[in-house]
There are 2 protein chains.
Amino acid sequence: MAKNADAKRIKILEAAKRRFAHYGLAKTTMAEIAQDLSFSKALLYYYFPDKNRLYAAVFEMAVDEIINETTEKIRTSKDVTEAMEAFLSTRLTVIKENFNIFEFSYSLRNEMPVDIEAVLPSLFEKEIQQVSLILKKGVETKELVVDDVELTAKILLISLLGMRIGILQEFKNLFLPPTKEEFDYILGLQKKLSHIFINGLRA
Amino acid sequence: MAKNADAKRIKILEAAKRRFAHYGLAKTTMAEIAQDLSFSKALLYYYFPDKNRLYAAVFEMAVDEIINETTEKIRTSKDVTEAMEAFLSTRLTVIKENFNIFEFSYSLRNEMPVDIEAVLPSLFEKEIQQVSLILKKGVETKELVVDDVELTAKILLISLLGMRIGILQEFKNLFLPPTKEEFDYILGLQKKLSHIFINGLRA
DNA sequence: TTTTCGAACTTTTAAAGAAATTGGTCAAAA
DNA sequence: TTTTGACCAATTTCTTTAAAAGTTCGAAAA
């Protein structure tokens with residue numbers, strides 16, 4: 001029965017997401033995910049070929065969550081500044097709630113296992129598209145002048161990444177998930193940076 | 001004889017700098033530094049209380065090198081853009097030549113040993129002062145409008161840090177010293193970022 | 001035929017202990 | 001005062017082993 005099967009597949013994804021978001025890839029075991037659902041461990045392998053691909057599927061869900069939510073916010077924004085702020089806060093909220101799912105993207109602690117990396121359409125690439133979207137909107141409304149939209153988006157995103165890294169480093173907290181206060185501080189600085197940055201692109 | 005003593009102290013600092021710059025703190029041994037100079041290991045401990053303080057002294061030299069050279073470049077610059085570009089390229093050149101001395105400042109690999117950290121007037125703080133200098137110059141010449149100079153300098157510096165981290169991550173090269181090409185790429189992006197950033201502060 | 005599971009198998013990680021390296025000390029000599 | 005070789009203690013590295021976790025498989029249930 002495909003319907004029931006899909007339902008179980010989704011159950012597994014949800015349970016795995018909870019575990020991965022809370023404990024990360026390494027500290028989550030297949031046995032634990034199975035126990036949470038009262039499934040047998042072997043059943044997980046009926047729906048997913050291995051742990052890494054299960055993780056990759058969860059990761060992709062989380063990425064989609066970021067992309068979908070930010071896209072909507074960008075779409076309904078009045079101007080570039082509003083779009084940018086909405087993008088930043090929405091994105092950081094999703095990251096905060098699923099921090100350990102992004103342990104390989106937004107923390108420098110560990111490197112992504114190669115077989116996961118191969119499967120994933122890079123989150124970074126998608127984020128560049130999101131920021132490019134904002135910039136293009138600004139160009140269309142004559143708010144901004146940007147010669148190379150994608151490169152500019154990339155520069156801004158890398159700078160924003162540095163904001164997270166730099167601040168977590170400052171707090172000597174590069175190994176624990178950031179606290180709410182740290183996230184707020186990061187968001188504050190990210191907004192300030194993007195404000196200056198956008199200003200630097202104004203027509 | 002204090003003069004001879006000072007001369008030997010400097011010899012030790014130079015030999016230590018070569019080792020640290022090439023192999024980093026952990027992979028440099030006191031015995032190796034002594035061998036390079038045909039001194040006994042114990043002599044090093046006559047001039048420096050321990051390995052960490054020797055490293056700290058070398059680190060401070062390297063920091064002074066950055067600060068002195070960039071200060072001079074900033075002083076003789078015509079405008080903010082020129083000052084900023086001179087600051088960035090001079091700074092990155094010194095970092096490139098002494099990369100492993102800055103392994104705790106500019107790479108996220110390892111954290112600074114606490115007793116070293118305590119001794120050091122943070123490089124980051126000094127860099128903030130340098131960028132603040134540039135911004136103040138811009139404010140004085142009416143080129144820029146900046147409300148909180150230090151915070152703005154901090155934001156820019158953190159962004160520039162992200163540029164290094166982000167790019168080294170992209171090259172999956174977070175553990176090796178960057179190549180010349182990578183440094184050039186980093187410098188290019190840093191210049192683009194600071195250009196937009198400075199533009200965003202213009203009066 | 002599809003789905004599920006217990007048990008077995010293989011690989012990875014963690015722990016423990018031993019060996020080697022290295023940081024640091026000291027009494028004596030120059 | 002400066003310098004050293006010999007010595008000690010702390011740390012790191014390596015080896016071995018045990019435990020844990022990932023994965024497979026054949027059989028049974030649906």
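A, B, ... follow the sequence lines: proteins, then strands. Residue 1 opens every chain. This structure is a prediction, so every number in the text was calculated from the model and none was measured.
Among the nucleotides C:dT4, D:dT4, D:dT2, the one closest to any side-chain atom of A:Tyr46 is C:dT4. With D:dG22, C:dG24, C:dT4 as the candidates, the nucleotide lying closest to the side chain of A:Lys51 is D:dG22.
A donor-acceptor pair under 3.5 Å links the side-chain atoms of A:Lys51 to the main chain of A:Leu25, judged by distance alone. Side chain of B:Lys8 to backbone of B:Leu43: no donor-acceptor contact under 3.5 angstrom is found. Using a distance-only test at 3.5 Å, with no hydrogens or angles considered, a donor-acceptor pair links the side chain of B:Asp79 to the main chain of B:Glu82.
Ionic pairing of A:Asp36 and A:Arg18 is not present here: no N-O contact between side-chain nitrogen and carboxylate oxygen is shorter than 4.0 angstrom.
Distance, B:Lys8 NZ to D:dT4 P: 6 Å, rounded to whole Å. One interatomic measurement links the two molecules: CG of B:Leu43 to P of D:dT4, which rounds to 5 Å at whole-angstrom precision. Nucleotide D:dG22 holds its P atom 9 Å from the CZ atom of A:Phe20, rounded to whole Å. As a whole-Å value, the separation of A:Arg53 CZ from D:dT23 C1' is 13 Å. Rounded to an integer number of Å, the gap from A:Arg19 CZ to D:dG22 P is 12 Å. With rounding to whole Å, B:Leu37 atom CG is found 12 Å from D:dT3 atom P. Atom-to-atom, CD1 of B:Ile12 to P of D:dT2 comes out at 12 Å; the value is rounded to the nearest Å. Across the protein-nucleic acid pair, A:Glu32 atom CD and D:dA20 atom P stand 13 Å apart, rounded to whole Å.
For the atom pair A:Ile198 CD1 and A:Lys191 NZ, the distance stands at 14.0 Å (nearest 0.5 Å).
Scanning both residues, B:Ser105 and B:Leu161, for their nearest heavy atoms gives O-CD1, 4.5 Å.
Less than 4.0 Å separates DNA chain D from at least one heavy atom of each of the following residues of residues 23-30 of chain A: A:Thr28, A:Thr29, A:Met30.
Counting heavy-atom neighbours within 6.0 Å of B:Lys96 NZ, excluding the residue itself, gives a total above 12.
For C:dT3, neither phosphate oxygen OP1 nor OP2 lies less than 4.0 angstrom from any side-chain nitrogen or oxygen of A:Tyr47.
The salt bridge (Lys or Arg N to Asp or Glu O under 4.0 Å) search around B:Lys78 returns none, not counting sequence neighbours. In terms of the ring pair (Phe, Tyr, Trp, His ring centres under 6.0 Å) criterion, residue partners of B:Phe102 (sequence neighbours excluded) are, by chain and number, B:Phe59, B:Tyr106. Residues passing the salt bridge (Lys or Arg N to Asp or Glu O under 4.0 Å) test with B:Lys41, sequence neighbours excluded: none.
Comparing the end axes of the helix from C:dT1-D:dA30 to C:dA30-D:dT1, each fitted to five base pairs by superposing C1' atoms of four pairs onto the next four, gives an inter-axis angle of 30° (nearest 10 degrees).
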Quiz item: When every nucleotide of nucleotides 25-30 of chain C is labelled 5' to 3' by its protein contacts under 4.0 Å (heavy atoms), B for base, S for sugar-phosphate only, - for none, what sequence of letters results?
Solution: BB----
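Residue A:Thr90 forms a side-chain hydrogen bond (donor to acceptor under 3.5 Å, both in side chains) with just one option from A:Glu85, A:Lys73, A:Glu72, and that option is A:Lys73.
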